[in-house]
Amino acid sequence: MLQLWAGAAFSARNGDTDGLLSEAARTGLHLTDIFPAPGGFTARCAAWRYLRLAKLARKRRVHLRIRKKTGLFFLLRPYLRRRGLWAGLLLFVPLLLWSQGLVWAVDASGLTTGQQARAASVLRETVSLMPGSIVTQEKLAAGEYALLQSGEFSWVSLNFLDGRLELEAAEAKPVPEIAAGTLHGLRAKAAGTVVSTNLVSGTMLVIPGQAVEKDQGLIGTARAERDGTLIFQPAAGSVRAQFEWEFAEELPLMAATYQLTGNTAVQRRLFLAGQVFPLPSLFSPADDSTAVTRHLQPELLGLTLPLSVKETTYYEQAENEIHSSEDEARALARLHGLQALQNDYPDAEFVAQKVDVTTENDMLHYRVVYTIIADICT
């Protein structure tokens, strides 16, 4: 067992080798793995006993030669002489203990990929809570409040221990339709003819086939009992009507616009312990460049480091004159019209359309009237 720490394998030749073995046994120098060899023997002993054995060998004119040094001591001995290694180790241990207060990893495994990305963006932008940040109880409380204020979560818990930030959250459930009712009734946001109604709460004031005007009441905030008593109820429901929706736009057939040239410049910033360290960059971005930013957490041999890097890529643009055909401009105007309709009436059903397109002085005049069926309650 002693040789596991430090041992020596040696050979003994010439002289009185038999007497050396007898003297070593008498004085308590325990030798192991003794094998005969030409002119003597080979054996092993603990390293600190080799010097006493060498004195006995000189008296009997036996020549000793170390064949191999074994044990953990001799394995570590080359490193023990390196002062820089031990100085680095002495600095590394306090630094490791201090870095336990930094965010090494974020665990949000209970959330979807999209929720994780949005939550990380909220924490980063509002309270600067990201890999490499110093965590305090105030930051955790502010982060929970910011995530709740985002409206995506109904319950949030942030816990931090030994460099690991754990995020637990429950997705906000949609408000029930009955709770989405208004206290002032629902009115029409466009004039049209009622096609169908769906009453959830309150009193329906119109019937299918009835023509309504803009701002006319559709659903009231009361319900009549059999005896005529009015009972208040929030107005909730939908009224689908057929009406005309108009969109008009002017688009130039020749316009100056910016296009990418293919040249890029990358700038990086290192975030560590609440400090920002700009990293050197070979190129500077142009004034009219468009920027795309992403946040990275470096790794070393598969181990994530307690820091984050903000990488901003600038794509150079140049102003060019673009010529569009009438068909291209018309298609673009139609797309803009459909996008505007989607924003105003997401549930619209098309019935008919009337399009008027004219071109004058390199300018396309586009006008479309859609006949649609949609919910007009507001």
Who are the ring-ring contact (aromatic ring centres under 6.0 Å, His included) partners of F10, not counting sequence neighbours? Y50
Stepwise, does the side chain to side chain contact (heavy atoms under 4.5 Å, CB included) test hold for F247 with R367? CA-CA 6 Å; F247 174 80; R367 179 178 176 272; over 6 Å; no
Is any side-chain heavy atom of L20 less than 4.5 Å from a side-chain heavy atom of L64? yes
Find out whether D347 and I373 are in side-chain contact, i.e. whether some heavy atom of one side chain is under 4.5 Å from a heavy atom of the other. no
What is the minimum heavy-atom distance between R52 and T27, and which atoms define it? NH2-O, 3.3 Å
Just do the side chain to side chain contact (heavy atoms under 4.5 Å, CB included) check on V357 and V368 with the steps written out, would you? CA-CA 8 Å; V357 180; V368 61; over 6 Å; no
Run the side-chain hydrogen bond (donor to acceptor under 3.5 Å, both in side chains) check on D107 and S109 step by step: do they pass? CA-CA 6 Å; D107 181 11; S109 55; 3.2 Å; yes
I'd like to check the salt bridge (charged side-chain N to carboxylate O under 4.0 Å, His left out) partners of E319; sequence neighbours left out, ordered by chain and number. none
Are V309 and L282 connected, step by step, through hydrophobic side chains (Ile, Leu, Val, Met, Phe, Trp, Tyr) whose heavy atoms are closer than 4.5 Å? no
Hey, what do you get for CE (M204) to CG (N198), rounding to the nearest 0.5 Å? 7.0 Å
Side-chain touch T371/Q242, heavy atoms, less than 4.5 angstrom: yes
Rounded to the nearest 0.5 Å, what separation is found between the CG atom of N263 and the CD atom of E316? 4.5 Å
Under 4.5 Å between side-chain heavy atoms, counting indirect links through other Ile/Leu/Val/Met/Phe/Trp/Tyr residues: same cluster for L102 and L123 or not? no
Under 4.5 Å between side-chain heavy atoms, hopping through other hydrophobics if needed: is there a path connecting I66 to L31? yes
Within a strict 4.5 Å, meaning less than it, do heavy atoms of the I376 and L218 side chains meet? yes
Ignoring hydrogens and geometry, is there a side-chain-to-backbone donor-acceptor pair from E144 to A141 under 3.5 Å? no
Quick test of your reading: applying salt bridge (Lys or Arg N to Asp or Glu O under 4.0 Å), list the pairs with at least one residue in residues 276-304, sequence neighbours left out, ordered by first then second residue. R294-E311
Give a yes or no on whether the backbone of V266 and the side-chain of S281 come within a donor-acceptor separation of less than 3.5 Å. yes
Tell me, which pairs form a salt bridge (Lys or Arg N to Asp or Glu O under 4.0 Å) where one or both residues lie in residues 112-135, sequence neighbours left out? R118-E152
One should read off an interatomic distance between Q275 CD and I134 CD1, to the nearest 0.5 angstrom, of 8.0 Å
Does the K69 side chain pair with the main chain of L75, one donor and one acceptor, at a distance under 3.5 Å? no
Pair E321-M254, side chain to side chain contact (heavy atoms under 4.5 Å, CB included): steps then yes or no: CA-CA 7 Å; E321 195 172 68; M254 182 176 60; 3.7 Å; yes
Distance-only, no hydrogens or angles: does the D375 side chain make a donor-acceptor pair with backbone N or O of V239 under 3.5 Å? yes
Between R164 and E166, does the side chain to side chain contact (heavy atoms under 4.5 Å, CB included) criterion hold? Intermediate values first, please. CA-CA 6 Å; R164 181 171 176 266; E166 184 176 1; 3.6 Å; yes
Rounded to the nearest 0.5 Å, the CG atom of L56 sits from the CG atom of L29 at a distance of 6.0 Å
Non-neighbouring partners of D18 that pass side-chain hydrogen bond (donor to acceptor under 3.5 Å, both in side chains), sequence neighbours left out: none
Can you find a heavy atom in the side chain of V135 that is under 4.5 Å from one in the side chain of V103? yes
Given side chains that start at C-beta, do those of I372 and L341 come closer than 4.5 Å, heavy atoms only? yes
All ring-ring contact (aromatic ring centres under 6.0 Å, His included) counterparts of F350, not counting sequence neighbours: Y370
Say whether V351 and V195 are linked into one hydrophobic cluster, either directly or through other cluster members, by side-chain heavy-atom distances under 4.5 angstrom. yes
Any chance you could measure T358, atom OG1, to D356, atom CG, to the nearest 0.5 Å? 6.0 Å
In the structure I gave you, are the side-chain heavy atoms of T113 and Q116 within less than 4.5 Å of one another anywhere? no
In terms of heavy-atom contacts, C377 and G237 come closest through SG-O, 4.3 Å
Taking a hydrophobic cluster as the set of Ile, Leu, Val, Met, Phe, Trp and Tyr residues connected by side-chain heavy atoms closer than 4.5 Å, whether directly or through intermediates, do V122 and V127 fall within one such cluster? yes
Okay, side chain of Q297, backbone of W104: is any donor-acceptor separation there less than 3.5 Å? yes
Can you spot which of L251, T359, V355 makes a side chain to side chain contact (heavy atoms under 4.5 Å, CB included) with R330? V355
Between OG1 on residue T17 and CZ on residue F41, distance to nearest 0.5 Å: 6.0 Å
4.5 Å side-chain heavy-atom contact, L167 and L147: yes
